[in-house]
Every structure is written in structure tokens, then in C-alpha cells.
Participant: 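Please find one structure pasted underneath; my questions will follow.
Remember, it's a predicted structure, so these values are computed and weren't measured experimentally. Both ligands and their constituent atoms are indexed starting at 1 by order of listing.
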Amino acid sequence: MSILGATAGELVKRLDRGDVTSIDVTTAYLEAIAAADGKVNAFLHVNRDKALEQARAIDEKRRRGQCVGALGGLPVAIKDVICTQGEPTTCGSRMLERFVPPYDAHVISRLREADAVLIGRTNMDEFAMGSSTENSAYKTTSNPWDLTRTPGGSSGGSAAAVAACMAPLALGSDTGGSIRQPAGFCGVVGMKPTYGRVSRYGLVAYASSLDQIGPFANDVGGAALLLETIAGHDHRDSTSVAAAVPEYSRTVEEPLTGLRIGIAKEHFVSGLDQQVEAAIRNALEVYRSLGAEIKEVSLPHSKYAVAVYYIVAPSEASSNLARYDGVHYGHRAAHFDNMIDMYCASRAEGFGAEVKRRIMLGTYALSAGYYDAYYLKALKVRRLIRNDFDAAFREVDVIASPVAPTPAFKIGELVNDPLAMYLSDIYTISANLAGLPGISIPAGFSQTNLPIGLQLLAPPFEEERLLRAARMFERETDWHRRRPASAPG
Ligand code: GLN
């Protein structure tokens, strides 16, 4: 099988056996980027020379018989919100156009230790705020399955890169769905780990009580491998939890017996596209044929999730983004009259419209007199949402749902309707509010050949269960093997 058609696990095996070198693999992906990214626009920056240099060094290590890390020369694409020493990290914003971090994020150090090749930086909605990657200050990424449609967001570049065979693996961040929704739209696997599972040291903060870094891959095994590489305790992120990290890439092949799958009645309501619903119901039949039991559960507060999120996330964002004032960090305006004017002009020029909208929403919700009515209230409802999940997980092992209410929408279709855009995360946001792990896996296609994703959620720190449940389905289906016509190879 060609390099580009292989899964990450297959490639690692071939690299280990010496059937291919890291230079072969890296070159194949660089050529794929050269061939396809002119149309897809997944990358903000491609590390051609550095990637080849890293690949050469890993091949050399192997030739000398030295121990090689678990990724053994495999390229990984990185969402441009994760600090990488010596490489521009723009967060899709003019504000950080010239920011070159002096240090590596924890996940980047882990990737280097695992001998990954850092192939490039992927496009994203500015500061990870958005659901379509259209809020990037630099370019609009297309969905590889239909170039007139969005890849989802905010990690749209990472999802599109994997879907179009321009990287076997990628990292994204998920605050309200930004890994799972683009994975669903692009027909790849995307996973948000439990809050606390992966260190955010070096992740540029959007909403700190929700942000998690997670993997994209072209199959569940690849997601398991990448999660295993990046998960685990790091003292530099005080929310990182010192729980043992299972060997996901080994256990992922073990099917679960007696799996109980919950279906929330609140998830199958108006607004859900019929073809998406049909794909989810078919997926449940596949699970049933594997011996799983499907049970109805109730998540009565999930109807408030989007509203709660759009108080909590902008509130935290308004605080996190205060640091970009042209002095501590970020773009400084060239022309100003006095200090206040300098702050105002720098922020006015550096931030795009959606980021400004969120800062205003958050500042309002946190201001005296509104704090109790909005922010505190939202925190209370957030707890109720978590309680619903705790109750549901007493009855079932995982909860299955759509990833998004529709397949990928058109570029430009929702840009002037922020509320409709916000609703595209209706199925993903609850997991962030409750801190749960969630995975999106390919589960079918619409009549117009757009991917449809299935989301599985599990209790905190049950990523292993999630990956095994996802792999059970994947083994029975070939949705994940399909590639868009725009992909090279
Ligand atoms: N689409 C959501 C938002 O706009 C989620 C973004 C994310 O997960 N980073 O905030």
C-alpha cells in the first residue's frame, strides 16, 4: 500500500522494519502538501527543510541501532495554537503574526521525544474561536470532500490535512468541539481527552476551564498512538492529573463485551439533519450486531449547554486575551497619541471581529451587577450538566450521538449568523463543560458525499474505553478508509 494510503500504525511498523525510511515518508507527505494544499489551504506554514532534517536524523539514529521513539519518524501537523520553539505560532491572528515562542509546549516536547517529524502548522479560527476556520486572519481552509464547504473548526486545518492525506496525524485543541466537529466534517478520527489528561503548558489559552489538546488521525489506532504520546502528568499545568496512562495503542484492539451504549432522547430532536440521524441509527445497528445493548438515557440540562458555553467561554477568553495589549504581548499599532490610545489601536488592529465579539460578551458577563446573573448562573447550570452525565454513566458505558447537526456547511453560509454557527457545536459542547472525553469517528456519508461523524462520550479518564468502543465500530466498517477525490496518491 502507498505511504499516503496507510494508517499511522501501519507506517510506524514499516518504519520499524526498515521497509521505508522517515525521509521516504516525510517526502511523500511534503509532496502531497505541494500537490493538494494549493486548493485545500490547510497549512499556514510548512516546515519543509526542518522536517527533512528531523527525518534524516531519525533515520540516522535507526541506522546506528539507537533506540527510536514510538512515532519513529512519522510526520505530525500541529494546530497553530500550540507553542513550538523557533516556529511562528500565530493562533490564526494578526495579533500574534510575529510571535515566535522561545519554548516548546509540553505536547511538542513529547512529540520530539517520540521522534515525530513536525511537518507544519495548520490553519485555525482566530484564537480557536469558531466552527468553520473562516475566522482565520490568514486564509480560509476548504473541506477536502467539497472545496466549496468548510472543514469545520476551529481546528479545521488539522482535520483537512489528515483528510487530504497531507499528514497521517495532527494535533488540535478542543474547547467546545474544535477537534470533534472538524473531524466529523472531514471524515477523520478526532478526540478530545478528559480535562486534565493532556498538559496545556504551551497551548495558547482560549477558555482555560474547557481547553484540551487532542489527536486527529485517519483511524482509531492512530488517535490511540498519538494520545498515548501526549497524555500524562506535567507539573507546569496545574490542572494536569497524575493518573496512569494506559497503553492505548495496544488495548485499542480489544473489543468490549457487554457494552452498554446510551442514547440521549434530547439529542434526537428538530434541527438534526435526517441523513445524519440515519447514519447514527445505522451505527447503533452495527453496535447491536456486535452484542452491545442500546439504552435510552436522559440529559435534561443539555438544552442549556450552548447558552452556558457562550457565557463561560467568552468570560474566560476576555480575561485570557487581556494580555494582548501591544506591550506584554502581541501586535502594537504604529500610530497612537497616548498610552490608552495605543492599547485601543493595537487591540482594534490585532483582533478580528469574532474575537472582539467574544471579548465584549465576556466582559459584559463578568462585570459588576451581571456577574451573578450570568457568569455565576452559568457555572451552576454547568454543574447540573455534569450531574446529568454522572447519572447517565451509572446506567451506560458510553453515550453515542451525532457530532454535529448537519454535514459540512458551505463557506460563507453561516458567517453572518453567529447564532447558527454556535449551534453547530450543540452536541460537542457538553463534554467540555463536564470535562469528559469524547471521540468523533467516521460513520457514513450524505447523499452528496459529505462525511458524517459519530460521537462517543465516556466518563472522565475512560479514554481507553472510548478508543476500544470506537475501534469495534471501525473494524466493521470502511468509512474511515475512504479518501476524498482531492487527496493526492
Ligand atoms: N466552535 C466553538 C467556539 O466557537 C468551539 C471552539 C473550540 O472548541 N475551540 O467557541
Participant: Is ligand 1 less than 4.0 angstrom away from at least one heavy atom of Ala313?
Facilitator: no
Participant: Give the residue and atom name of whichever protein heavy atom lies nearest to atom 5 (C) of ligand 1, and the separation in Å to one decimal.
Facilitator: Tyr309 OH, 3.3 Å
Participant: Salt-bridge test for Glu463 and Arg197: reply yes if a basic N is under 4.0 Å from a carboxylate O, no otherwise.
Facilitator: yes
Participant: Please verify whether a non-hydrogen atom of Arg358 lies at under 4.0 Å from ligand 1.
Facilitator: yes
Participant: May I ask you to identify the nearest protein heavy atom to atom 1 (N) of ligand 1, giving residue, atom name and distance to one decimal place in Å?
Facilitator: Asp425 OD2, 2.5 Å
Participant: Ile263 and Val297: side-chain contact (heavy atoms from CB on, under 4.5 Å), yes or no, with the steps?
Facilitator: CA-CA 6 Å; Ile263 292 295; Val297 294; 5.9 Å; no
Participant: Do ligand 1 and Lys79 have nitrogen or oxygen atoms that lie under 3.5 Å from each other?
Facilitator: no
Participant: Under 4.0 Å from any heavy atom of Ser154, which atoms of ligand 1 are there?
Facilitator: 9 (N)
Participant: Please report which non-hydrogen protein atom sits nearest to atom 7 (C) of ligand 1, along with the residue it belongs to and the distance in Å to one decimal place.
Facilitator: Ser178 OG, 2.3 Å
Participant: Quick check on contacts: which atoms of ligand 1 are under 4.0 angstrom from a heavy atom of Tyr310?
Facilitator: 2 (C), 3 (C), 4 (O), 10 (O)
Participant: May I ask whether Tyr422 has any heavy atom positioned less than 4.0 angstrom from an atom of ligand 1?
Facilitator: no
Participant: Could you tell me whether Glu462 and Arg465 have a side-chain N and a carboxylate O separated by less than 4.0 Å?
Facilitator: yes
Participant: Is the side chain of Ser240 donor-acceptor paired with the backbone N or O of Arg236 at a distance under 3.5 Å, no angle test?
Facilitator: no
Participant: Is Arg121 salt-bridged to Glu87, going by a charged N under 4.0 Å from an acidic O?
Facilitator: yes
Participant: Find all atoms of ligand 1 within a distance of less than 4.0 Å from any non-hydrogen atom belonging to Met129, and give their numbers and elements.
Facilitator: 4 (O)
Participant: Is Lys377 paired with Asp372 through a side-chain N to carboxylate O contact shorter than 4.0 Å?
Facilitator: no
Participant: Is the NZ or CZ atom of Arg281 both under 6.0 Å from the centre of the six-membered ring of Phe268 and within 45° of that ring's axis?
Facilitator: yes
Participant: Can you name the atoms of ligand 1, numbered from 1 with element, that are less than 4.0 Å from a heavy atom of Gly176?
Facilitator: 5 (C), 7 (C), 8 (O)
Participant: Do Tyr364 and Pro314 come within less than 4.5 Å of each other through their side chains, counting heavy atoms only?
Facilitator: no
Participant: Ion pair present between Asp174 and Arg180, side-chain N to carboxylate O less than 4.0 angstrom?
Facilitator: yes
Participant: Geometry only, no angles: is Ser173 polar-contacting ligand 1 at N/O separations under 3.5 Å?
Facilitator: no
Participant: Going by the order shown, which atoms of ligand 1 are within less than 4.0 Å of some heavy atom of Ala128?
Facilitator: 6 (C), 7 (C), 9 (N)
Participant: Say whether Gly130, considering both its backbone and side-chain N or O atoms, lies within less than 3.5 Å of an N or O atom on ligand 1.
Facilitator: yes
Participant: Under a 4.0 angstrom heavy-atom cut-off, which atoms of ligand 1 come close to Asp174?
Facilitator: 8 (O)
Participant: To the nearest 0.5 Å, what is the distance between OG1 on Thr150 and CE on Met421?
Facilitator: 7.0 Å
